[in-house]
Amino acid sequence: MKKVIVCGGGNGAHVFAVLAKAYLGSNGLVGIYAPYKDEAKLIKEAMEENGGIEVVFSGSIIKEKVDIISQSPSICQGADLIVFIAPAYSHEIMLKAIAPYLKEKVLIGALPARSGFEFSFPSILKDNYAENIILFAAQTLPWACRLESPGKKVKVVGTKDKIGVAAIPPEKAKETAEILSKLTFARFYPVENVLAVSLSNIGQIVHPGIMYGLFKNYEGLPYPESLLFYQGVNEEIGSILEKMSQEIQSIKYAIEKAFPGLSLEEVKDLKKWLFDTYGSSIKDTSSLVSAFITNKAYDGLKAPMIKKADGYYPDFSSRYLTEDVPTGLVVTKAIAQICGVATPMIDQVLNTTSKWINKEYLIDGQLRGGNLAETRVPFNYGITNLNSMVAAVKGQLWKEEVTGELRIQN
Ligand code: NAD
């Protein structure tokens, strides 16, 4: 990889760009494409003033100067690797802008992809005549991180043990995992296909599900203090989450039954995911609720709420809704609709959370609402049945098979 571009100018984008530069050194060029507001200028000026961007880990600091920072999509010209690290609702805006500048065999993906990446990215690239591109979708960011000062300092407060990544075409996942692992010093492992990443997006259950559970009876009055989020899960919320998870498992089984060769093993039930992800951080593993409230990693984390003079109000503009509904749960509902799987609990959560974000997705239990064009449902890209959905995941809908090796310097 001689030229690596990060799309996005936020928390994770800073960390990735610095670590990639630390890895590549003078053997490669790392850039940040930040079209949002005047972010590119701010980051660039701050980085120059500071002599580089610092990534602060618990026991170390890595400081690097990124080679180029620009709000122009032409920065992507000639890139070998392009990584989107930004909220999923911004992916299509940036992808459409950079599409004319892509070369063949470039590796493009998102960290994390969230849901519907597998329909949106191939379709936009096809519409823009960008050919022979290898796509990847990662399950999450390797780090929990917060910018302390854009262009100067970002703090890594936690690191994931391992991160799944799938590719289109699927057989490129292993090489992609190796490249990302080198550039980020994290451990990526290959996942069978991009649909598995889409459906295993655990944020789509946990974020809208807990928000729904906490605030479904909210009548506009302030709370005296901010509510706990994960550790606010009680029996009732636990049961909501469990049902949402079971509905996604039913979608998984329906697809695996229709396409026995297409594994969705990565799509784990919520309890299993919690145990696999947090292991010894969970003190009491006897139930889903106890797994949430005794998980050390969730200690004290608060629900998104806005503090006003008279108390705390739920923040319905939170990314837990604005990202995890349109590029999460709505996509999963669409996949369920294609598979003919009923999702009464997910519908209930969608009906309420979509009102909170002033969007209309479901009408009488079917995705027919006026705001679907802003989501990544497969229908938006002409994918309306299981066959075309699986073809999209395999990369067969949008281009000829990609051949050749991916290579990385060093
Ligand atoms: P962030 O909150 O820092 O992202 C905001 C940035 O996204 C903006 O600064 C801008 O650069 C870009 N952006 C937003 N709207 C845009 C638009 N319309 N056009 C172009 N660019 C736009 O993001 P982050 O915290 O780095 O998170 C990136 C992704 O990783 C998200 O999906 C997030 O949910 C996920 N994630 C983050 C963390 C974390 O600790 N930061 C942890 C796990 C997952």
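Remember, it's 1-based here, ligands and their atoms both numbered in the order they're listed. Everything numeric in this text was worked out from a predicted model, so none of it was measured.
- A cation-pi geometry, defined here as NZ or CZ lying under 6.0 Å from the six-membered ring centre and within 45° of its normal, holds between Lys308 and Tyr313.
- Checked by distance only, ligand 1 and Gly12 come closer than 3.5 Å through their nitrogen or oxygen atoms.
- Close approach to Gly9 involves these atoms of ligand 1, each under 4.0 Å from a residue heavy atom: 11 (O).
- Taking the six-membered ring where the residue is Trp, Tyr320 and His207 present parallel rings, their angle staying beneath 30° rather than reaching 60°.
- Around atom 7 (O) of ligand 1, the closest heavy atom drawn from Pro87, Gly8, Cys7 belongs to Pro87.
- With distances taken over non-hydrogen atoms, the option nearest atom 13 (N) of ligand 1 out of Tyr36, Phe84, Trp143, Tyr320 is Tyr36.
- Residue contacts with ligand 1, taken as heavy atom pairs separated by less than 4.0 Å, involve Asn11 via backbone and side-chain atoms alike.
- Taking the six-membered ring where the residue is Trp, Phe292 and Tyr298 present parallel rings, their angle staying beneath 30° rather than reaching 60°.
- Considering backbone and side-chain N/O atoms, Arg146 comes within less than 3.5 Å of an N/O atom of ligand 1.
- More than 12 heavy atoms of other residues, nucleotides or ligands lie within 6.0 Å of NZ in Lys63, so this atom counts as buried by the packing criterion.
- Residue, atom and distance of the protein heavy atom nearest to atom 38 (C) of ligand 1 are Leu141 CD1, 3.6 Å.
- Residue-ligand proximity, Cys145 to ligand 1, at heavy-atom distances under 4.0 Å covers atoms 39 (C), 40 (O), 41 (N).
- In terms of N/O distances under 3.5 Å, ligand 1 is not approached by Ile93.
- Taking the six-membered ring where the residue is Trp, Tyr223 and Tyr218 present parallel rings, their angle staying beneath 30° rather than reaching 60°.
- Of all atoms in ligand 1, listed by their number and element, those nearer than 4.0 Å to a heavy atom of Pro112 are 29 (C), 30 (O), 32 (O), 35 (C).
- Ring orientation note: the planes of Tyr23 and Phe185 are nearly perpendicular, at an angle over 60° on the 30°/60° scale.
- Counting heavy-atom neighbours within 6.0 Å of Lys160 NZ, excluding the residue itself, gives a total above 12.
- Remark: the Ser200 side chain and the Glu266 side chain contain no N/O donor-acceptor pair separated by less than 3.5 Å.
- Below 3.5 Å of separation, one finds an N or O of Arg114 facing an N or O of ligand 1.
- The shortest N or O to N or O distance between Glu323 and ligand 1 is below 3.5 Å.
- Aromatic rings of Tyr230 and Tyr278 (six-membered ring for Trp) have centroids beyond the 6.0 Å cut-off, not under it.
- With Lys37, Met94, Arg319, His14 as candidates, the residue nearest to atom 27 (O) of ligand 1 on a non-hydrogen basis is Arg319.
- For Lys155, the NZ atom sits in a loose shell: 12 or fewer heavy atoms of surrounding residues, nucleotides or ligands are nearer than 6.0 Å.
- Protein heavy atom closest to atom 11 (O) of ligand 1, with residue, atom name and distance, is Glu39 OE1, 2.5 Å.
- The N/O atoms of Ala144, backbone and side chain alike, include none that comes under 3.5 Å of an N/O atom in ligand 1.
- Nearest to atom 12 (C) of ligand 1 among the protein's heavy atoms is Ala86 CB, 4.1 Å.
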